[in-house]
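Shown next, in structure tokens, is the structure this report addresses.
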Amino acid sequence: MSIQSRHCRWALLLILVLGLGAPAPAQERPLTATCDSVDWELVVSPDPAVIPVMVTYMVYTRRASEDTVIFDTNLGKQRLRKGLASDGEFNRIWGPKGIRFVLAGFRTCRFTLSKSIDPSDPNNPLAPPFTGIPNPDSTNQTFDDLFIGTLMLLNTREMQVDGRKVAFRGMDLYFWWQMASYPGFGVRPRFGKNEESQRPNEPSQGRPGAVWMGTPCATVGTTDTCAGYFAHEAGHFLGLCHCCHGATETLTCFNYLKPGYCPGLGHFQEVPRQSCSGDLGKRLMGATNPFTRTSEEFVRIEDCEVTTARAGMEKVLRFGANGANVLKP
């Protein structure tokens, strides 16, 4: 073999070795975002029965003008200031149960989506249209990468109280133009390995929680519909599951703070045991409640649910909702 051939052979071998050892290209984030500065509300010292709420308007860069108009028209700042007042629409259901929400601030985040999430193309009329953010639990990967990934990227870390910065221990409420078919989606934070509930194959460390809502609640139904869906998703955020299941529902509960907290509820990886018919469908945590009314008989909350939600509130106010591993294994 000639010296030149030997050199070529070693060069090829070196290229192959370096190629095999090169890191794989980084996986594209499903969502990237930049956020404006927070418009803080006046919040005084924390109250043990009040959960601060950071409102985030999620504006898609491809439809920035449309999203902004929809938010301003249907869920603008004035409506939310009134709605999160002590006697406002968003405190109408949980407030009498000793759980209240208070507005901490507003911000707008402008986001882009990867092709895997939004395959639409404004320059290609044959491309599929964008129909909204995927339902956050449509697949395990969507839940982990899009939902939890967004919370890890954007959830609030600090807030202003009495003019000083403190750790944010409250709820992040994200508003989107719309999700694929859900009016809202809420997940409670988890705080470590000894937490009871988790999704199948989910790592047993802490996990952030939050509430997502779409604007259709303000355009479909009645003036009570957004308040009903907010209270329902807040229930999930505080550790409640559906009290009954829909006709075709196969989803399992991974939100509960403790298994079997109310009679008739399924345990880990089980659906609720009863369908949402009759009075069960009128409970706040009914999977099929349309929330066209928010008087008590149409959004009933059982005492066992109140007890569990209050325990969830205490954890959020103590640890926050960013999923820190603060509990012992």
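Keep in mind the model is a prediction, meaning the values are calculated, not measured.
In this structure, C262 and C243 have their SG atoms no less than 2.5 Å from one another.
Remark: the D67 side chain and the Y57 side chain contain no N/O donor-acceptor pair separated by less than 3.5 Å. Checking T32 against T112 by side-chain atom types alone, a donor-acceptor pair falls below 3.5 Å. Residues S65 and T68 bring no donor and acceptor atom of their side chains to less than 3.5 Å of each other.
Between H236 and H232, the ring planes are perpendicular. Angles over 60° get that label, and only those under 30° would be called parallel. Between W212 and Y174, the ring planes are perpendicular. Angles over 60° get that label, and only those under 30° would be called parallel.
Judged by the 6.0 Å and 45° rule, R100 forms no cation-pi pair with W94.
Ion pairing between a basic and an acidic side chain is recognised when a charged N comes within 4.0 Å of a carboxylate O; R62 and D118 show such pairing. The residues D224 and R92 are annotated as salt-bridged, a charged nitrogen and a carboxylate oxygen being separated by less than 4.0 angstrom. Note on K97 versus E305: no salt bridge recorded, every NZ/NE/NH1/NH2 to OD/OE distance being 4.0 Å or above. Using a cutoff of 4.0 Å between basic side-chain nitrogens and carboxylate oxygens, E28 and K115 are not scored as salt-bridged. With salt bridges taken as basic N to acidic carboxylate O contacts below 4.0 Å, none links R29 and D145. Salt-bridge check for E41 with R81: passed, with a basic side-chain N closer than 4.0 Å to an acidic carboxylate O. Ion pairing between a basic and an acidic side chain is recognised when a charged N comes within 4.0 Å of a carboxylate O; D36 and R110 show such pairing.
Hydrophobic cluster membership is shared by L153 and F185, with clusters built from Ile, Leu, Val, Met, Phe, Trp and Tyr side chains linked at under 4.5 angstrom.
With hydrogens and angles disregarded, no donor-acceptor distance shorter than 3.5 Å links the side chain of Q178 to the backbone of T215. Distance alone, capped at 3.5 Å, is enough to place a donor-acceptor pair between the D172 side chain and the T156 backbone. Between the side chain of N135 and the main chain of Y182, a donor-acceptor pair closer than 3.5 Å is present.
Scanning for ring-ring contact (aromatic ring centres under 6.0 Å, His included) contacts around F111 gives Y60, W176, with sequence neighbours left out. Listed by chain and number, the residues in a side-chain contact (heavy atoms from CB on, under 4.5 Å) with T292 are T222, P290 (sequence neighbours excluded).
Contact check for L154 versus C35: side-chain heavy atoms found under the 4.5 Å cut-off.
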Before giving the answer on salt bridge (charged side-chain N to carboxylate O under 4.0 Å, His left out), spell out for D39 and K77 the whole-Å C-alpha distance, their side-chain angles and the decisive distance to 0.1 Å. CA-CA 10 Å; D39 181 6; K77 292 182 178 180; 3.3 Å; yes
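A distance of 6.0 Å or more separates the ring centres of F291 and F298. Ring to ring, F101 and F90 are not that close: their centroids are 6.0 angstrom or more apart.
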